[in-house]
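Down below is the structure, laid out as structure tokens.
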Amino acid sequence: KEKVEITKEQRALIKAILDAYNRHQIPQDVTKKLLQEQYSAEENFLLLTEVATSQVQVLVEFTKNIPGFLSLDREDQIALLKGSAVEAMFLRSAQVLSKKMPSGHIEVLEERIRKSGMSEEFMTPMFNFYKSIGELHMTQEEQAILTTITILTPDRPYVKSHEAVERLQETMLEVLRKLCVLQHPQEPQYFARLLGRLTELRTLHHYHAEMLTSWKTNDHKFTPLLCEIWDVQ
Ligand SMILES: Cc1cccc(C)c1Nc1c(-c2c(F)cccc2F)nc2cccc(C)n12
């Protein structure tokens with residue numbers, strides 16, 4: 001039986017990432033609006049756009065606190081953010097939807113998503129993903145480290161220093177592997193299951209790009225930040 005031990009440095013890493021993950025949350029006024037405003041498709045889309053924009057802001061702040069991220073080449077930092085944003089946002093919204101909010105709020109948010117003019121073919125895989133994340137019952141640390149691993153994916157478009165990003169990601173993967181062994185001793189495959197979610201995220205990334213195009217075609221308005229992060233004109 002392998003004796004797994006988290007080193008002092010790894011514990012500091014987990015603490016830094018968890019603090020950043022918890023410090024940067026979507027402002028209450030944005031989530032409160034989700035409960036107040038009326039239910040037209042336009043209103044729902046407008047609200048989800050506001051939530052998406054604030055999720056990008058939260059993501060940028062969180063990413064800046066990932067140890068080692070700011071030492072990467074500046075252009076690579078941008079390439080990693082643009083390449084991982086929607087995947088990190090899927091993880092964040094999955095965690096919000098699967099437990100964080102009081103029960104009544106989840107149905108409301110789900111209802112707004114269903115009635116936001118999004119195509120059915122995108123809806124099913126998205127809600128399946130939310131369900132599969134909820135079933136994992138990840139701890140806060142696991143959620144924060146898994147999001148960090150997603151952000152530090154070396155093979156995003158336009159990343160130049162592939163090795164530098166890979167080194168950072170490998171450090172995080174080792175920390176997550178140990179956390180899974182220690183926190184889910186009865187589930188030896190738990191770490192593999194978490195990594196399997198990252199594969200599912202890539203598929204959703206693809207669907208999301210198509211959804212952006214179809215929203216754009218139907219003349220939906222985005223905020224400047226969403227246009228910038230996803231290169232939408
Ligand atoms: C906030 C939200 C929560 C759940 C589902 C959806 C559709 C949204 N909203 C958007 C998302 C998005 C996201 F923010 C997180 C997860 C998956 C996503 F599709 N992406 C975009 C891009 C342009 C406009 C919006 C409204 N939008």
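Atoms within a ligand are numbered from 1 in the order they appear, just like the ligands themselves.
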Is the shortest N/O to N/O distance between His208 and ligand 1 below 3.5 Å?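 Yes - when backbone and side-chain N and O of His208 are compared with those of ligand 1, one distance drops under 3.5 Å.
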Just to check, does Met211 reach to within less than 4.0 Å of ligand 1 when the distance is taken from its heavy atoms?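 Yes; Met211 lies near enough to ligand 1 that a heavy-atom distance drops under 4.0 Å.
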Compute the minimum heavy-atom distance from Phe129 to ligand 1 and say whether it is under 4.0 Å.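 No, that is not the case, since the closest heavy atom of the residue is not under 4.0 Å from the ligand.
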Give a yes or no on whether Lys216 atom NZ has more than 12 heavy-atom contacts from other residues, nucleotides or ligands under 6.0 Å away.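 Result for NZ/Lys216: enclosed.
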For Lys33, does the NZ atom have more than 12 heavy-atom neighbours from other residues, nucleotides or ligands under 6.0 Å away?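 12 or below, so no.
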Is there a path from Leu226 to Ile78 through hydrophobic residues (I, L, V, M, F, W, Y) whose side chains come within less than 4.5 Å of each other?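 No.
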Closest heavy-atom pair and its distance - Asn44, Tyr39: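 That closest heavy-atom pairing would be ND2-O, 3.3 Å.
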Report the nearest protein non-hydrogen atom to [atom]: residue, atom name, distance rounded to 0.1 Å.
| atom | result |
| --- | --- |
| atom 24 (C) of ligand 1 | Trp215 CZ3, 3.6 Å |
| atom 22 (C) of ligand 1 | Trp230 CZ3, 3.4 Å |
| atom 10 (C) of ligand 1 | Ala52 CB, 3.8 Å |

Of [options], which has the heavy atom at the shortest distance from [atom]?
| atom | options | answer |
| --- | --- | --- |
| atom 17 (C) of ligand 1 | Phe222, Phe45, Phe90 | Phe90 |
| atom 7 (C) of ligand 1 | Met118, Lys216, Arg114 | Met118 |
| atom 6 (C) of ligand 1 | Ile229, Leu48, Asn44 | Leu48 |
| atom 5 (C) of ligand 1 | Met89, His205, Met126, His220 | Met126 |

Given Phe129, which partner from the list Thr203, Leu91, Thr124 fulfils the side-chain contact (heavy atoms from CB on, under 4.5 Å) test?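 Single pass found, and it is Leu91.
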Closer than 4.0 Å to some heavy atom of [X] - which atoms of ligand 1 meet that?
| X | value |
| --- | --- |
| Gln55 | 13 (C), 14 (F), 15 (C) |
| Ser93 | 15 (C), 16 (C) |
| Leu212 | 22 (C), 23 (C) |
| Val51 | 1 (C) |

Looking only at side chains, do Ser161 and Asp76 share a donor and an acceptor under 3.5 Å apart?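 Yes.
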Parallel, tilted or perpendicular: which one describes the rings of Tyr190 and His184, with boundaries at 30° and 60°?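 Ring orientation of Tyr190 relative to His184: parallel.
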Examine distances only and state if a side-chain atom of Ser84 and a backbone atom of Glu87 form a donor-acceptor pair shorter than 3.5 Å.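 It does not hold such a pair.
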What about Trp215 and Phe45, are their ring centers closer than 6.0 Å?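 When the ring centroids of Trp215 and Phe45 are compared, they turn out to be within the sub-6.0 Å range.
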Assess Arg197 against Phe90: is NZ or CZ under 6.0 Å from the centre of the six-membered ring, and within 45 degrees of the ring's axis?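 Here Arg197 fails the 6.0 Å and 45° test against Phe90.
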Just let me know how Tyr130 lines up against ligand 1, side chain, backbone, both or neither, with a heavy-atom cut-off below 4.0 Å.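 The part of Tyr130 near ligand 1 is the side chain, not the backbone.
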